[in-house]
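First the structure, in the form of structure tokens, and then the observations on it.
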Amino acid sequence: MWKRKIMKRKAIALLKQNYWRMISVCFLIAILTASYAVSTTFLNLQIPSSPEPAEAVFTLTVPNSDAVIGAVRNFAEKTPLPALFNGIVEDVIAVLIDLFSSTISVFFTLLRTINTAFTDGFGLSVFFAAVSVLLAFLYQIFVSNILIIGERRFFLENRSYRQTPVSKIFFLYKLRSERHPAWVMLCRSFFQFLWNLTVIGGIAKHYEYILIPYILAENPKVSRKDAFTLSRQLMRRNKWKFFLLDLSFLGWHFLSLCTLGLLSYVFVHPYVAACRAEIYATLRRNYVLSRSPGYESLNDSYLEHVPSEDELLISKALYDDSQGPYTKISYFDPEQYPVFLFSVQPPLRAVKNPVNPARRYDGLSYLFLFAAFSIFGWLLETLLQLITTGIWTAEPVLSGPWLPLYGAYGVLSLLLVRRFYRKPVTTFVLNLLLYSALEYLSSAVIELLTGIRVHDYSDFFLNLNGRIYLGGSVSFAIIGCAFLYYLAPRWTDRYMKLGHSRRIIVCAVLYALFAADVIYSFRLIFL
């Protein structure tokens with residue numbers, strides 16, 4: 001049995017002890033997945049400043065409310081219903097939809113595809129819109145759901161291991177074990193959707209399935225049938241208590257709405273996540289101790305029992321490499337989970353040398369990384385544009401697959417910010433400031449030289465002269481941290497294996513193509 005007050009006291013104690021790691025995990029999950037839609041409101045809220053929406057040459061977001069209202073108008077074109085969507089009523093509906101929905105969503109992407117078919121007919125635009133639905137679906141299955149399981153894993157370990165790294169949210173990717181959990185989560189979503197059609201059944205099944213991500217976080221190899229059965233058994237006679245627990249958080253969620261989601265980042269989501277992890281730990285402990293059917297699948301005893309240094313030394317001595325490659329995580333540190341004793345080990349091909357963000361880069365490496373990150377940026381923004389809007393839009397300045405802003409941002413981050421890599425929060429803030437300055441200056445210079453305004457963020461809350469806005473800067477600060485901590489070291493390691501002469505050839509080819517594209521694109525603009 002468990003009591004709400006006890007669970008909440010434990011969650012508050014955890015927040016006091018490991019506050020920055022917990023809010024960092026919830027912050028990343030809110031940005032990278034479809035979870036916690038309300039918490040991103042103050043970052044991505046759009047408030048039209050004029051009857052005509054601001055026209056952006058290259059934009060990454062379209063409000064979900066546009067898709068819903070457009071779909072209703074398309075289906076009810078000759079009825080009085082569209083008259084309801086005018087003035088204040090339309091604004092209120094739009095705000096509510098955008099508050100409680102995420103940018104990357106299969107449902108809203110599908111609505112945009114349907115709207116495109118109604119307005120443009122079945123042509124190339126509908127094809128790209130259909131591709132965007134597929135991409136959104138794949139992102140939901142293989143990114144969002146996997147990171148949600150990783151978040152659950154972080155909070156389960158964080159109960160006993162205070163130095164649990166934020167990177168734990170990626171643990172399934174490190175294990176190369178994401179396919180089976182993705183399948184189980186897909187089944188969960190599908191069954192939940194079917195039960196939602198009955199309304200009451202949907203609420204009951206929501207709580208019956210609520211522990212499946214925790215079970216997968218503890219044992220990624222558990223079968224689909226066992227995952228559903230264990231969640232059902234653990235929640236037996238606990239669904240009502242869990243429902244009351246959620247009701248007790250309504251006041252915090254209301255305050256979060258009043259702060260446009262800011263309070264969710266700094267308190268509500270870490271608090272709720274820690275509380276739910278405590279509940280799962282209590283329920284699984286009682287289930288295992290009672291030797292209930294299927295308890296063997298809940299096989300991670302180190303979530304409860306923190307091994308001593310002597311136990312770890314003995315375990316290392318007895319470690320059998322044939323069961324999985326030893327990953328060299330700090331097993332002597334009692335504040336971190338001993339990953340080499342986890343029930344699932346990565347395949348040998350997945351074990352790589354640790355990434356060293358403090359490594360040195362020579363001149364050729366900087367040149368290569370500028371070009372590589374420019375291409376990466378073009379691919380990333382094009383895919384995001386396709387997923388969020390269903391439109392394939394070319395970058396308005398250069399004709400080829402380059403976004404030099406990314407390259408400059410990555411190189412400057414390595415030169416100016418890398419020295420602070422031991423302080424992730426400081427690194428994040430400096431990357432945010434660096435990108436904001438670069439995007440603002442580049443936008444102003446391009447508009448001055450060509451008359452083209454690359455981006456227009458005038459409708460976004462917390463924007464600066466329509467050239468930058470907080471949500472975009474936050475997203476790119478995360479991308480910059482990923483580049484500094486992981487992408488740049490990994491790409492450079494592979495680049496260095498080419499040998500000096502081949503590295504020179506690669507750089508010469510890349511920059512010849514880049515120079516040709518710059519000359520061709522600017523001739524089109526000025527002539």
Side-chain angles (χ1 to χ4, degrees), residues 167 170 173-174 328 349-383 394-395 397-424 426-428 430-443 445-446 449 454 475-523:
S167 61
F170 304 106
Y173 295 114
K174 295 179 181 179
K328 298 182 181 179
R349 68 180 183 277
V351 178
K352 302 177 181 178
N353 294 327
V355 175
N356 180 20
R359 63 160 298 155
R360 293 181 179 275
Y361 301 89
D362 60 12
L364 277 177
S365 296
Y366 280 116
L367 290 173
F368 168 74
L369 289 173
F370 175 87
F373 203 44
S374 297
I375 296 172
F376 172 83
W378 182 89
L379 290 171
L380 179 64
E381 290 213 10
T382 302
L383 287 175
E395 209 279 334
V397 178
L398 298 181
S399 302
W402 316 89
L403 276 179
L405 175 62
Y406 274 79
Y409 172 45
V411 170
L412 287 175
S413 179
L414 291 177
L415 291 172
L416 303 177
V417 182
R418 180 165 52 97
R419 68 189 67 181
F420 303 99
Y421 78 96
R422 294 185 184 277
K423 301 177 180 179
T426 302
T427 301
F428 173 81
L430 290 176
N431 272 328
L432 186 147
L433 296 175
L434 175 62
Y435 178 81
S436 299
L438 278 176
E439 184 176 29
Y440 190 94
L441 290 174
S442 64
S443 176
V445 170
I446 291 173
L449 294 177
V454 181
S475 298
F476 282 99
I478 294 175
I479 295 172
C481 289
F483 179 76
L484 190 152
Y485 285 105
Y486 185 80
L487 295 178
R490 282 288 184 224
W491 290 352
T492 304
D493 287 342
R494 295 183 179 182
Y495 179 61
M496 296 298 289
K497 292 179 181 179
L498 296 176
H500 185 69
S501 58
R502 291 184 178 180
R503 285 189 285 134
I504 292 176
I505 293 173
V506 168
C507 276
V509 171
L510 287 173
Y511 278 88
L513 293 173
F514 178 67
D517 189 18
V518 170
I519 294 171
Y520 174 76
S521 300
F522 275 79
R523 283 186 64 187

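These numbers come from the heavy atoms of this one structure, side chains and all, not from hydrogens, waters or symmetry mates.
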What distance separates [X] [atom1] from [Y] [atom2], expressed to the nearest 0.5 Å?
| X | Y | atom1 | atom2 | result |
| --- | --- | --- | --- | --- |
| Y366 | L412 | OH | CG | 10.0 Å |
| Y421 | S413 | OH | OG | 14.0 Å |
| R503 | D362 | CZ | CG | 5.5 Å |
| I375 | L513 | CD1 | CG | 8.5 Å |
| L430 | R419 | CG | CZ | 10.0 Å |
| T492 | L369 | OG1 | CG | 4.0 Å |

> Where is the tightest heavy-atom contact between P357 and P489, given as atom of each residue plus distance?
Replying inline: CA-CG, 4.1 Å
Answer yes or no: is there a donor N or O on one side and an acceptor on the other, between the side chain of [X] and the main chain of [Y], under 3.5 Å?
| X | Y | result |
| --- | --- | --- |
| S443 | E439 | no |
| Y511 | L367 | yes |
| T382 | L379 | no |
| Y361 | L415 | no |
| T427 | F420 | yes |
| R418 | R359 | yes |

>> Would you call the rings of F368 and Y495 parallel, tilted or perpendicular, taking 30° and 60° as the class edges?
In response: parallel
> Parallel, tilted or perpendicular: which describes the rings of F376 and Y406, with under 30° parallel and over 60° perpendicular?
Replying inline: perpendicular
> Between L380 and L403, does a side chain to side chain contact (heavy atoms under 4.5 Å, CB included) hold up when you go through it step by step?
Replying inline: CA-CA 10 Å; L380 179 64; L403 276 179; over 6 Å; no
>> For a side chain to side chain contact (heavy atoms under 4.5 Å, CB included) check, start with the C-alpha distance between F483 and W491, then their side-chain angles and the critical distance, and finish with the verdict.
In response: CA-CA 10 Å; F483 179 76; W491 290 352; 4.0 Å; yes
> Do L405 and E381 have side-chain heavy atoms sitting under 4.5 Å apart?
Replying inline: no
> Applying the side-chain contact (heavy atoms from CB on, under 4.5 Å) test to P404, which of Y409, W378, F514, F373 qualifies?
Replying inline: F514
